[in-house]
Chemist: 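Encoded as structure tokens, here's the structure I'll be asking about.
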Amino acid sequence: MEKILELREIKEKNVMEEFALSQNELLHQELILTRLNNQYESAKEKGLEVMDIYELRQHDLYKHSLEDRIEKQEELIKLQNDELEKIRLDLVDAQKERKIMENLKEKDFDTYKENVKSLEQKELDEMAILRFNKA
């Protein structure tokens with residue numbers, strides 16, 4: 001019983017670490033998206049300046065490139081959120097499994113104490129009977 005509980009605790013710990021790594025990755029991806037959005041806003045503001053046709057074309061291509069990168073980054077974040085939710089559910093399951101094993105261990109220990117108490121009571125009863133018979 002103890003080894004199974006240890007395995008469940010190790011599994012829970014591993015899933016917690018995986019969850020933390022996934023959260024960090026999500027934060028990193030969101031930071032990238034924020035930077036891309038800032039670059040895009042900056043590019044939009046610069047687009048208001050007077051430019052020749054070549055600069056205007058380059059600027060437009062740059063803005064489209066940023067839009068594509070932002071769209072891809074948003075997809076990455078959605079996928080990362082889905083992965084994080086899956087890991088969160090795995091973590092909840094691992095915690096439930098560990099709790100179940102802890103409860104079973106506790107019940108087994110209670111049963112053991114009751115058995116020991118019952119055996120002690122039987123021995124005391126036998127000793128009392130033997131003393132009574134001697135008297």
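Hydrogens, waters and symmetry mates are skipped; everything else that's a heavy atom, side chains included, is used. The residues of the chain are indexed from 1 along the displayed sequence. It should be emphasised that the depicted structure is a prediction, and the values quoted were computed from it without experimental measurement.
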Chemist: Could you state the interatomic distance from NZ (Lys78) to CG (Asn81), rounded to the nearest 0.5 Å?
Modeler: 8.5 Å
Chemist: Is there a path from Phe109 to Val116 through hydrophobic residues (I, L, V, M, F, W, Y) whose side chains come within less than 4.5 Å of each other?
Modeler: yes
Chemist: Is Glu102 salt-bridged to Arg98, cutoff N-O under 4.0 Å?
Modeler: yes
Chemist: Is a donor from one side chain sitting under 3.5 angstrom from an acceptor on the other, for Tyr62 and Gln58?
Modeler: no
Chemist: Taking atom CG of Leu124 as the centre, report whether more than 12 heavy atoms of other residues, nucleotides or ligands fall under 6.0 Å from it.
Modeler: yes
Chemist: Inspect the contact between Glu41 and Lys44 and indicate whether a charged nitrogen and a carboxylate oxygen are less than 4.0 angstrom apart.
Modeler: yes
Chemist: Hydrophobic cluster membership, with links at side-chain heavy-atom distances under 4.5 Å among I/L/V/M/F/W/Y: are Val15 and Met101 in one?
Modeler: no
Chemist: Between atom CG of Asn37 and atom CD of Glu30, what is the distance when rounded to the nearest 0.5 Å?
Modeler: 11.5 Å
Chemist: Hey, could you give me the CG/CG distance between Asn103 and Asp108, rounded to the nearest 0.5 Å?
Modeler: 11.0 Å
Chemist: Give a yes-or-no answer on whether the side chains of Gln121 and Asp125 include a donor-acceptor pair shorter than 3.5 Å.
Modeler: yes
Chemist: Charged N to carboxylate O under 4.0 angstrom, Lys72 versus Asp68?
Modeler: no
Chemist: Only one of Asp90, Leu91, Leu7 forms a side-chain contact (heavy atoms from CB on, under 4.5 Å) with Glu12, so which one is it?
Modeler: Leu91
Chemist: Assigning hydrophobic clusters by single linkage (Ile, Leu, Val, Met, Phe, Trp, Tyr; side-chain heavy-atom cutoff under 4.5 Å), is Ile4 placed with Leu104?
Modeler: yes
Chemist: Please check: side-chain N/O of His59 versus main-chain N/O of Lys46, any donor-acceptor pairing under 3.5 Å?
Modeler: no
Chemist: Assess, by modelled atom type and distance only, whether the side chains of His28 and Glu25 contain a donor and an acceptor separated by less than 3.5 Å.
Modeler: no
Chemist: Which distance, rounded to the nearest 0.5 Å, do you find between the CD1 of Ile70 and the CD of Glu67?
Modeler: 7.0 Å
Chemist: When you compare the side chain of Asp110 with that of Lys113, does any pair of heavy atoms fall below 4.5 Å?
Modeler: yes
Chemist: Return the minimal non-hydrogen interatomic distance between Phe19 and Leu84, and the atom names on each side.
Modeler: CE1-CD1, 3.5 Å
Chemist: Taking all heavy atoms of Ile77 and all of Gln29, pick out the closest pair and write down the distance.
Modeler: CD1-O, 3.6 Å
Chemist: Taking the basic N atoms (NZ, or NE/NH1/NH2) and the acidic carboxylate oxygens, is any pair closer than 4.0 Å for Asp82 and Lys86?
Modeler: no
Chemist: So, taking the atom named NZ in Lys99 and the one named CD in Glu106, what distance separates them when rounded to the nearest 0.5 Å?
Modeler: 10.0 Å
Chemist: Taking atom CD of Glu17 and atom CD1 of Ile87, what is their separation to the nearest 0.5 Å?
Modeler: 12.0 Å
Chemist: Kindly indicate, with the supporting measurements, whether the criterion side chain to side chain contact (heavy atoms under 4.5 Å, CB included) is fulfilled by Asp52 and Glu55.
Modeler: CA-CA 5 Å; Asp52 65 19; Glu55 287 177 335; 3.3 Å; yes
Chemist: Taking a hydrophobic cluster as the set of Ile, Leu, Val, Met, Phe, Trp and Tyr residues connected by side-chain heavy atoms closer than 4.5 Å, whether directly or through intermediates, do Met16 and Leu5 fall within one such cluster?
Modeler: no
Chemist: Is it possible for you to say whether Leu76 and Leu36 belong to one hydrophobic cluster, with membership spreading through side-chain heavy-atom contacts below 4.5 Å?
Modeler: no
Chemist: So, the side chain of Ser22 versus the backbone of Glu18: is there a donor-acceptor pair under 3.5 Å, distance only?
Modeler: no
Chemist: Between Glu85 and Arg88, is there a side-chain N and carboxylate O pair less than 4.0 Å apart?
Modeler: yes
Chemist: Report, as yes or no, whether the 6.0 Å neighbourhood of atom NZ on Lys63 holds more than 12 heavy atoms from other residues, nucleotides or ligands.
Modeler: yes
